[in-house]
Amino acid sequence: MGTVVASILLLRFKLRKRTNWVIVDGSNVLYWDKDEPNLHSVRLVIQKLVLDGFEPVLWFDANVGYLVSGRYMNSASLSKALRYPARRITVSPKGTPADPLLISDAERLRALIVTNDRFRDWQEHFPRVTKQDAFLRGRIKNNQVCLR
């Protein structure tokens, strides 16, 4: 009996759908519509990614709130503004760029990175960012997200 239960649990584990993580460089995506910082751009990208079967994890530089609302915003306040779970949003600490943190997160999760940034400052430390297949690039035009 125990062997049958163990076999069923193992089969369930193997058949379980792998989470399709994607890391969103929120500080970059902010500028995808008309080159002006706007959380609406991030909201549109989240919606598109979720519809495409991804589980987005968002990363922002500490200044994101000042760019979009003139005040500091933490993950809880961004969660309200974006209508997306705070547990999937990280704001880097003041003085620490989000780039190396989000690249590390992408490596840990084996996830694509949604950004138009080339991460040139981080290529030596993170060779993965030299490969184009590590990214989903995009833009927003006429309120539509185009990813490639």
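These numbers come from a predicted model, not from an experiment.
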Mind checking whether [X] and [Y] sit in one hydrophobic cluster, side chains of I, L, V, M, F, W, Y counted as touching below 4.5 Å?
X: Val57; Y: Val24; result: no
X: Val29; Y: Trp122; result: no
X: Phe135; Y: Val45; result: no
X: Val129; Y: Trp21; result: yes
X: Leu109; Y: Ile46; result: no

Greater than 12 external heavy atoms within 6.0 Å of Gln132's CD: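 Yes.
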
As a quick check of understanding, evaluate side-chain contact (heavy atoms from CB on, under 4.5 Å) for Leu102 and Phe119, giving each step before the final call. CA-CA 11 Å; Leu102 73 87; Phe119 297 122; 3.9 Å; yes

Using every non-hydrogen atom in the two residues, find where [X] and [Y] come nearest and quote the distance to one decimal.
X: Arg128; Y: Ala106; result: NH1-CB, 3.5 Å
X: Gly65; Y: Met73; result: CA-CG, 3.5 Å
X: Thr115; Y: Asp117; result: OG1-N, 3.0 Å
X: Tyr31; Y: Pro37; result: CE2-CD, 3.4 Å

Would you please test Asp52 and Asn20 for side-chain contact (heavy atoms from CB on, under 4.5 Å) and show each step? CA-CA 10 Å; Asp52 288 351; Asn20 199 11; over 6 Å; no

Return the [atom1] to [atom2] distance between [X] and [Y], rounded to the nearest 0.5 Å.
X: Arg139; Y: Asp33; atom1: CZ; atom2: CG; answer: 11.0 Å
X: Leu101; Y: Ile23; atom1: CG; atom2: CD1; answer: 11.0 Å
X: Asp25; Y: Asp99; atom1: CG; atom2: CG; answer: 5.5 Å
X: Glu107; Y: Ile113; atom1: CD; atom2: CD1; answer: 7.5 Å
X: Phe54; Y: Leu112; atom1: CZ; atom2: CG; answer: 5.5 Å
X: Arg148; Y: Leu136; atom1: CZ; atom2: CG; answer: 10.0 Å

Please answer whether the main-chain N or O of [Y] pairs with a side-chain N or O of [X] as donor and acceptor at a distance below 3.5 Å.
X: Tyr84; Y: Pro56; value: yes
X: Asp61; Y: Pro97; value: no
X: Asn38; Y: His40; value: yes

Decide side-chain contact (heavy atoms from CB on, under 4.5 Å) for Leu58 and Leu78; before the verdict, give the C-alpha distance in whole Å, the side-chain angles of both, and the deciding distance to 0.1 Å. CA-CA 10 Å; Leu58 283 64; Leu78 285 166; over 6 Å; no

List for me each residue that meets side-chain hydrogen bond (donor to acceptor under 3.5 Å, both in side chains) alongside Asp105, sequence neighbours excluded, and say none if there are none.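 Applying side-chain hydrogen bond (donor to acceptor under 3.5 Å, both in side chains) to Asp105 gives Trp59, Arg108.
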
Under the side chain to side chain donor-acceptor pair (under 3.5 Å) definition, can you give me all pairs with a residue in residues 67-79, not counting sequence neighbours?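 Qualifying pairs: Asn74-Ser77.
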
When you look at Phe60 and Val68, which way does the side-chain contact (heavy atoms from CB on, under 4.5 Å) test go after all the steps? CA-CA 12 Å; Phe60 292 94; Val68 298; over 6 Å; no

Please identify which of these residues, Arg18, Arg88, Arg87, meets the salt bridge (charged side-chain N to carboxylate O under 4.0 Å, His left out) condition with Glu55.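 Single pass found, and it is Arg88.
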
